[in-house]
Peer 1: 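My questions all concern the structure below.
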Amino acid sequence: MLDSETPLGSLFIAGQKRVQTYLENQGYVVVGTSTKVSESDIILGKRIDGELRICGVAEIKTRISAGDQPLTLEYLKKNGGYLITYEKIRYGAQLSVMLKTPFFVIVSLVAESKILIWKITDDNGEYLEEIKTKMTQTRKTVNGGVAIRKNAFLPIETPNLTIINEGSSG
């Protein structure tokens, strides 16, 4: 059984679906990946001049806490940014190169009802800024375990981050 199929995992998948619905309400076509195990969650499309065009690839995360602390913007500012496995960043950038479209990391901060959208690459897959990385020990999945891996830290103070209050029209 995949972690996403457990009760706790289902809560996080519901958060991802909420973000997808938000994006759809902004006029995007959201295409999920074909398997339950994937390095990126969605491809974004939009109708441009009457034609459906790919306009992004994204990894979506739903986050409630970091350990026993609610995950908030303030927490992220104090702790070096948003932590995500570097493999997710690297793979998203590769897709960006192949599809000639930007790669985004989208995080739903449940505690504050905010959506954070980092634009990681441009249309050619070039990183928009240096991604800081570090080997760290983290929880392996939402259901526990321990992993030591190379993680990326996405900054809060960057022009490549858009913060949206859920419920707002954009």
Side-chain angles (χ1 to χ4, degrees), residues 2-4 9 12-13 15-24 26-48 51-63 66 71 73 75-77 79-110 114-142 145-164 170:
L2 295 173
D3 281 296
S4 61
F12 288 88
I13 295 300
Q16 177 179 327
K17 300 250 185 261
R18 193 175 62 252
V19 169
Q20 288 176 287
T21 299
Y22 173 84
L23 294 168
E24 289 168 348
Q26 301 308 306
Y28 292 95
V29 175
V30 178
V31 181
T33 54
S34 61
T35 64
K36 292 180 181 180
V37 179
S38 178
E39 294 299 330
S40 286
D41 293 316
I42 62 170
I43 293 175
L44 292 169
K46 202 162 202 175
R47 292 221 173 264
I48 300 170
E51 293 184 30
L52 184 58
R53 306 277 177 135
I54 294 174
C55 60
V57 61
E59 176 69 20
I60 299 176
K61 298 292 186 188
T62 299
R63 294 295 178 253
L71 195 60
L73 276 174
Y75 177 91
L76 294 174
K77 286 178 186 174
N79 289 280
Y82 178 72
L83 180 149
I84 184 170
T85 62
Y86 180 68
E87 277 298 301
K88 294 277 186 185
I89 298 294
R90 192 179 63 74
Y91 190 83
Q94 288 175 335
L95 280 175
S96 175
V97 169
M98 290 185 284
L99 296 174
K100 297 292 184 202
T101 190
F103 169 57
F104 300 91
V105 172
I106 304 171
V107 179
S108 172
L109 293 182
V110 174
K114 292 186 185 308
I115 299 172
L116 283 57
I117 304 173
W118 280 272
K119 187 175 182 182
I120 304 297
T121 66
D122 66 12
D123 290 348
N124 295 311
E126 297 291 327
Y127 288 98
L128 296 174
E129 61 188 288
E130 180 183 348
I131 303 291
K132 294 183 179 165
T133 62
K134 183 178 177 182
M135 292 297 291
T136 60
Q137 179 176 312
T138 60
R139 188 167 31 171
K140 187 172 184 176
T141 70
V142 298
V146 174
I148 298 174
R149 55 186 159 209
K150 188 176 188 179
N151 287 306
F153 293 84
L154 304 180
I156 297 301
E157 303 296 332
T158 175
N160 299 310
L161 172 63
T162 302
I163 300 172
I164 298 163

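Only heavy atoms go into these numbers, but all of them, side chains included; no hydrogens, no water, no symmetry mates.
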Peer 1: Looking at K61 and E59, does any basic side-chain N land under 4.0 Å from a carboxylate oxygen?
Peer 2: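 Here K61 pairs with E59 in a salt bridge, since their nearest N and O are under 4.0 Å apart.
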Peer 1: If only side-chain N and O atoms count, and only distance matters, is there a donor-acceptor pair under 3.5 Å linking S108 with R18?
Peer 2: yes
Peer 1: Where is the tightest heavy-atom contact between A58 and I106, given as atom of each residue plus distance?
Peer 2: CB-CD1, 3.8 Å
Peer 1: Drop me the distance from T121's OG1 to E126's CD, to the nearest 0.5 angstrom.
Peer 2: 9.0 Å
Peer 1: Can you tell me how far OG of S96 sits from CD1 of I89, rounded to the nearest 0.5 angstrom?
Peer 2: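 Going from the CD1 atom of I89 to the OG atom of S96 covers 11.5 Å.
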Peer 1: Determine the minimum heavy-atom distance between C55 and P102, stating which atoms define it.
Peer 2: O-CD, 3.6 Å
Peer 1: Would you indicate whether the side-chain heavy atoms of R149 and T136 approach each other to under 4.5 Å?
Peer 2: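 With C-beta onward as the side chain, the pair stays apart.
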Peer 1: Hey, could you give me the CG/CG distance between D123 and L99, rounded to the nearest 0.5 Å?
Peer 2: 11.0 Å
Peer 1: Side-chain contact test, heavy atoms from C-beta onward, threshold under 4.5 Å: evaluate it for L71 versus L76 and give yes or no.
Peer 2: yes
Peer 1: Please list, chain by chain and in numerical order, all residues satisfying ring-ring contact (aromatic ring centres under 6.0 Å, His included) with Y82, sequence neighbours excluded.
Peer 2: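 So Y82 forms a ring-ring contact (aromatic ring centres under 6.0 Å, His included) with W118.
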Peer 1: Can you name the salt bridge (charged side-chain N to carboxylate O under 4.0 Å, His left out) partners of K119, sequence neighbours left out?
Peer 2: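 Checked K119 against salt bridge (charged side-chain N to carboxylate O under 4.0 Å, His left out); zero matches.
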Peer 1: Measuring from atom CD1 of I115 to atom CD1 of I163, what distance do you get when rounded to the nearest 0.5 angstrom?
Peer 2: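 Answer rounded to 0.5 Å: 12.0 Å.
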Peer 1: In Å, rounded to the nearest 0.5 Å, how long is the span from CG of L116 to CD1 of I164?
Peer 2: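 If we round to the nearest 0.5 Å, L116:CG and I164:CD1 are 9.0 Å apart.
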Peer 1: Is there a side-chain contact between N124 and V97 in this structure, where contact means two heavy atoms from C-beta onward sitting under 4.5 Å apart?
Peer 2: no
Peer 1: Distance check, rounded to the nearest 0.5 Å: I120 atom CD1 versus L161 atom CG?
Peer 2: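 Going from CD1 on I120 over to CG on L161, the span is 9.5 Å.
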Peer 1: Counting C-beta onward and ignoring hydrogens, is there a side-chain heavy-atom pair between V29 and L44 closer than 4.5 Å?
Peer 2: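 No, too far: nothing below the 4.5 Å cut-off.
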Peer 1: With the side chain counted from C-beta on, respond yes when I148 and M135 share a heavy-atom pair under 4.5 Å apart, and no when they do not.
Peer 2: yes
Peer 1: Can you confirm whether I43 sits close enough to V30 that some side-chain heavy atom of one is under 4.5 Å from a side-chain heavy atom of the other?
Peer 2: no
Peer 1: Kindly indicate whether a cation-pi arrangement holds for K150 with Y86, taking the cut-offs as under 6.0 Å to the six-membered ring centre and within 45° of the axis.
Peer 2: yes
Peer 1: Going through the checks in order, is the side chain to side chain contact (heavy atoms under 4.5 Å, CB included) test met by V110 and R63?
Peer 2: CA-CA 6 Å; V110 174; R63 294 295 178 253; over 6 Å; no
Peer 1: When you check the side-chain N and O atoms of T85 and N151, is any donor under 3.5 Å from an acceptor?
Peer 2: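 Checked: T85/N151 side chains show no N/O donor-acceptor pair below 3.5 Å.
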Peer 1: Quick check: does any side chain N or O of T101 sit under 3.5 Å from a backbone N or O of G56, one acting as donor and the other as acceptor?
Peer 2: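 Judged by distance alone, yes, a pair lies under 3.5 Å.
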Peer 1: So which atom in G45 and which in L52 form the shortest heavy-atom distance, rounded to 0.1 Å?
Peer 2: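 In this case the closest contact between G45 and L52 is C-CD1, 4.1 Å.
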Peer 1: Would you indicate whether the side-chain heavy atoms of L95 and M98 approach each other to under 4.5 Å?
Peer 2: yes
